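No experiment lies behind these values; they were computed from the predicted model shown. Chain letters run A, B, ... following the sequence lines, proteins first and then strands; every chain starts at 1.
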There are 2 protein chains.
Amino acid sequence: MAGDGTIGKACDVLDQVAAFERPVRFAELLDNSDFPKATLYRFLQSLTNQGMLSYDPDRQTYTPGMRLVRLAHAAWTQSSLAPIARPFLDALSRETGETVHLAQLDSSQVLYVDKRNAAKPVEMFSQAGKVGPAYCTGVGKAMMAYLDDDALNKAVSQQSYHRFTDKTLTSEQALRADLIRIRQRGYAIDDEEHEPGIICIACPILTSGGRLLGAISVTGSTNRMDFNQLEAWVPRVRRVADQIGTEAQAWRFPDTRQNVSNDRMQAT
Amino acid sequence: MAGDGTIGKACDVLDQVAAFERPVRFAELLDNSDFPKATLYRFLQSLTNQGMLSYDPDRQTYTPGMRLVRLAHAAWTQSSLAPIARPFLDALSRETGETVHLAQLDSSQVLYVDKRNAAKPVEMFSQAGKVGPAYCTGVGKAMMAYLDDDALNKAVSQQSYHRFTDKTLTSEQALRADLIRIRQRGYAIDDEEHEPGIICIACPILTSGGRLLGAISVTGSTNRMDFNQLEAWVPRVRRVADQIGTEAQAWRFPDTRQNVSNDRMQAT
DNA sequence: AACTAAGTTCCAATATATGGAACATGATGG
DNA sequence: CCATCATGTTCCATATATTGGAACTTAGTT
């Protein structure tokens, strides 16, 4: 996928380091890398200088750097649905008393951008920024169901179809069939496909033009509830999703003095 | 500042985009950039391809991209003190009932990596990843006071010394004097230097070798408390800071023994 | 002390980034 | 309706930065 010259390669290295999920040594990276020793070495140096990586001289290990956190703050604030969706998530979480997720699609994976946890107060970034599979989560399927053909084909082909539970959809065919049902229903269901005992309903967040922005879900556990109880929330979740979609569309105006001539539905 | 070839330049561009704090157009970036048009253009394209930036074709604007959020999750988990400090922050927040901040130093600025809010539930990433001035905040001064000479000189010279309140220290001289007192006391005080009505005490987080890792603070408002009340928490805060420092030092062991069969990964 | 593995530096070859200028596109206004 | 201007996009010869093999240094082991 990479092919953007030095920038693409540098991003690859960042991903590599991040993928280890622990401090990683030069030699380990070298093994998992196509780059020759000297090249990788210089990349790591530059990235470390820039604060994109951080280096522990004692242990000679690299980890993703704090500059990423600073940049991500800006990304989260500006490019994600989270700031817009926050009050809605709060409300939905309060009303349902269940865990609520807000997710977006990022290179065919689910990227969680915000969360309200049923029990605990909140868990910060430890949740936001997390990625998960698309083919076996409510938010993932809700989003894929509303992709255009090109994006859909790409997304569907990039899933790993790993069997997490005996209910996981493990083929492109099964997934596509489910996506059709989702579009008919207007919402997605995760019936213990990712984790045993965990069920969830999810609605896509769309612009008025039908462009996919993200998804929102309410999760429950089979201990405490069944699908009938969970599905009772669907109308509420869908309304929230619509509100977020509408606001997102309006909010995306980059200041720009008077409104641009290109206002098709700018009423409000 | 930049000097790491293409990587450094690309990072500059990322910072540029992030600095706008709103969707920004090509021409705006070009004005604020040393790069020639074509060069900047290609940088933006590559970064957008890589998901480090996101581009809105309708409005022709760039914002920091979601890939940063993914990477930052890894950075926050691995490189920040937050995962280690979390239980301590929880405890401190519960005991004091006040706002608690955990910060690290990043290019002479305060980078907040976690927070517990007094009243409100929590504000997510809107705080983690946020940056602030070092010379007029408790955590900032607590950290600067424990830098080695080189780093200190650099940090002190890079402050903006903007007057936020009439108590703000607005000269290098005044700051250096305060840093000496801080080292004597072992903790820093912010006496409405950043925001009127907001006072705070902060302790540095150090390794046993004295290397600076970060700082932790308890904040109060002059409405509800005075410095005597706030300073009563200092011993507790310092103990927490020490515990975090000790754990951080121990935790940084990357395991790295042979056992974990690395050669074979990628289950999915 | 000899050996091995990991990390670092060097430098000529060459692939890559560069940026001036020409080319689109589309908005603005006369 | 065409002219004009602002903005964004592409081209291409040139210069420069990246490249990677190999030599070197350092640290750890037998």
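- Atom OG1 in A:T137 sits 9.5 Å away from atom CZ in A:F164 (nearest 0.5 Å).
- In this structure, B:L14 CG and B:L47 CG are separated by 5.0 Å, a value rounded to the nearest 0.5 Å.
- Distance, A:L44 CG to D:dG20 P: 14 Å, rounded to whole Å.
- Applying the 4.0 Å criterion to OP1 and OP2 of D:dA17, one finds that A:T6 has every side-chain N and O outside that range.
- Atom CZ of A:F43 is separated from atom P of C:dT8 by 17 Å (rounded to the nearest Å).
- The distance from atom NZ of B:K9 to atom CG of B:L40, rounded to the nearest 0.5 Å, is 12.5 Å.
- Residues that satisfy the side chain to side chain contact (heavy atoms under 4.5 Å, CB included) test with B:N49, not counting sequence neighbours, are A:D4.
- In this structure, the OH atom of A:Y41 is 16 Å from the P atom of D:dT18, given to the nearest Å.
- In terms of position along DNA chain C, the nucleotide closest to A:F26 lies nearer the 5' end than the nucleotide closest to the other residue of the pair A:F26 and B:F35.
- With D:dT7, C:dG7, D:dT9 as the choices, the nucleotide that has an atom nearest any side-chain atom of B:R25 turns out to be D:dT7.
- When rounded to the nearest whole Å, the span between CG of B:D4 and P of D:dT16 equals 19 Å.
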#### Entry: Where protein sits on nucleotides 21-30 of chain D, one letter per nucleotide: B base, S sugar-phosphate only, - none, heavy atoms under 4.0 Å
B---------

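- In this structure, the OH atom of B:Y62 is 10 Å from the C1' atom of D:dT9, given to the nearest Å.
- Within the 3.5 Å criterion, the main-chain N or O of B:R22 finds a donor-acceptor partner in the side chain of A:Q78.
- A straight line from CD of B:Q60 to C1' of D:dA6 spans 11 Å, rounded to a whole angstrom.
- The structure places CG of B:L175 at 10.0 Å from CD1 of B:I180, a figure rounded to the nearest 0.5 Å.
- Between A:Q45 atom CD and D:dA17 atom P there is a gap of 17 Å when expressed in whole angstrom units.
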